[in-house]
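Let me begin by presenting the structure, written as structure tokens, before commenting on it.
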Amino acid sequence: ALNYCAQNIPVCCGDQSSCDCYDQGRRCMEIAAERLGFKLGQDEPRIMIEQGKISKPIYYIWNQHDQYLGGQFGSQNPSYFYQPTQDTIVKYNPGGKSVAKMVCVTNPAAPEKSCYIHSPTKYDNPETTAVYDWVISLTR
């Protein structure tokens, strides 16, 4: 996300760019990371997977028009945020049984906002069933 914000591509929080707030020359993500004790360029899941630091299977699921990572209706910005991690999970397949996929899950109460919810597994739907089945398969 930090790389995209440097190109003025907002990838988080609707139309608000993660580069918009500055404090003594530091970007928002840098400020937040410092407060959380998170090391940019080291602690990202994608990097940890590439370095072999994560060996457990991961089920990585994301909604193609995530309302918090790209604004309303049809933004492609969530793919900037989620796709690099998805590609890394597919390439390295931690634990040998990892799954990574973009989905289109719609809130039944707002069907006009297709694929828009931030947490695609919070409603009963085929994707939720797939995640459940995957977890059960790992415990057998």
Side-chain angles (χ1 to χ4, degrees):
L2 188 59
N3 293 336
Y4 289 118
C5 83
Q7 299 170 48
N8 293 319
I9 300 171
V11 295
C12 178
C13 316
D15 295 329
Q16 175 82 14
S17 171
S18 50
C19 288
D20 282 350
C21 74
Y22 287 90
D23 178 20
Q24 300 173 0
R26 297 178 304 156
R27 296 182 178 113
C28 285
M29 280 191 286
E30 294 163 328
I31 296 165
E34 180 181 295
R35 290 179 183 169
L36 294 170
F38 184 89
K39 293 182 178 83
L40 291 167
Q42 293 178 34
D43 292 338
E44 287 100 336
R46 175 186 57 80
I47 293 169
M48 294 175 77
I49 292 166
E50 289 172 355
Q51 294 174 344
K53 292 179 180 175
I54 297 176
S55 59
K56 304 289 184 208
I58 298 170
Y59 199 110
Y60 186 74
I61 183 172
W62 55 283
N63 220 4
Q64 73 184 63
H65 300 303
D66 185 318
Q67 65 188 0
Y68 294 122
L69 296 172
Q72 292 184 329
F73 313 121
S75 169
Q76 294 303 305
N77 290 345
S79 66
Y80 289 118
F81 188 84
Y82 291 119
Q83 193 70 50
T85 301
Q86 175 169 322
D87 294 344
T88 301
I89 290 169
V90 169
K91 181 176 179 181
Y92 293 94
N93 192 8
K97 295 184 179 183
S98 292
V99 175
K101 65 188 209 173
M102 177 186 69
V103 297
C104 177
V105 175
T106 300
N107 179 346
E112 72 282 1
K113 297 178 181 179
S114 181
C115 318
Y116 186 70
I117 58 174
H118 178 64
S119 300
T121 56
K122 69 180 170 185
Y123 298 101
D124 285 334
N125 60 64
E127 300 303 340
T128 303
T129 301
V131 174
Y132 174 80
D133 291 344
W134 177 82
V135 170
I136 295 301
S137 77
L138 295 178
T139 61
R140 290 185 181 156

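Hydrogens, waters and symmetry mates play no part in the numbers below; they use all other heavy atoms, side chains included.
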[atom1]/[X] to [atom2]/[Y] distance, rounded to the nearest 0.5 angstrom?
{"X": "His65", "Y": "Thr106", "atom1": "NE2", "atom2": "OG1", "value": "9.0 Å"}
{"X": "Asn63", "Y": "Met102", "atom1": "CG", "atom2": "CE", "value": "9.0 Å"}
{"X": "Ser98", "Y": "Gln86", "atom1": "OG", "atom2": "CD", "value": "12.0 Å"}
{"X": "Ile117", "Y": "Asn125", "atom1": "CD1", "atom2": "CG", "value": "7.0 Å"}

Indicate yes or no: at least one non-hydrogen side-chain atom of [X] is less than 4.5 angstrom from one of [Y].
{"X": "Gln83", "Y": "Trp62", "answer": "yes"}
{"X": "Asp66", "Y": "Phe81", "answer": "no"}
{"X": "Pro84", "Y": "Arg46", "answer": "yes"}
{"X": "Pro57", "Y": "Trp134", "answer": "yes"}
{"X": "Ile58", "Y": "Ile49", "answer": "yes"}
{"X": "Glu127", "Y": "Lys101", "answer": "yes"}

Exercise: identify the closest heavy-atom pair between Ile54 and Pro45: CD1-O, 4.2 Å

Heavy-atom closest contact (Gln42 atom, Glu44 atom, distance): N-OE1, 3.2 Å

Applying the 4.5 Å side-chain criterion to the ILVMFWY set and letting contacts propagate, would [X] and [Y] be lumped into a single cluster?
{"X": "Leu138", "Y": "Val135", "answer": "yes"}
{"X": "Tyr92", "Y": "Ile61", "answer": "no"}
{"X": "Val99", "Y": "Val103", "answer": "yes"}

Partner of Asp133 under side-chain contact (heavy atoms from CB on, under 4.5 Å), chosen from Val131, Thr129, Ile136: Thr129

Donor-acceptor pair between Asn107 and Tyr123 side chains, under 3.5 angstrom: yes

Residue Phe38 excluded, over 12 heavy atoms near CZ under 6.0 Å: yes

Sidechain-backbone polar pair: Tyr82 side chain, Tyr60 backbone, donor-acceptor under 3.5 Å: no

Side-chain (Thr128) to main-chain (Asp124) donor-acceptor, under 3.5 angstrom: no

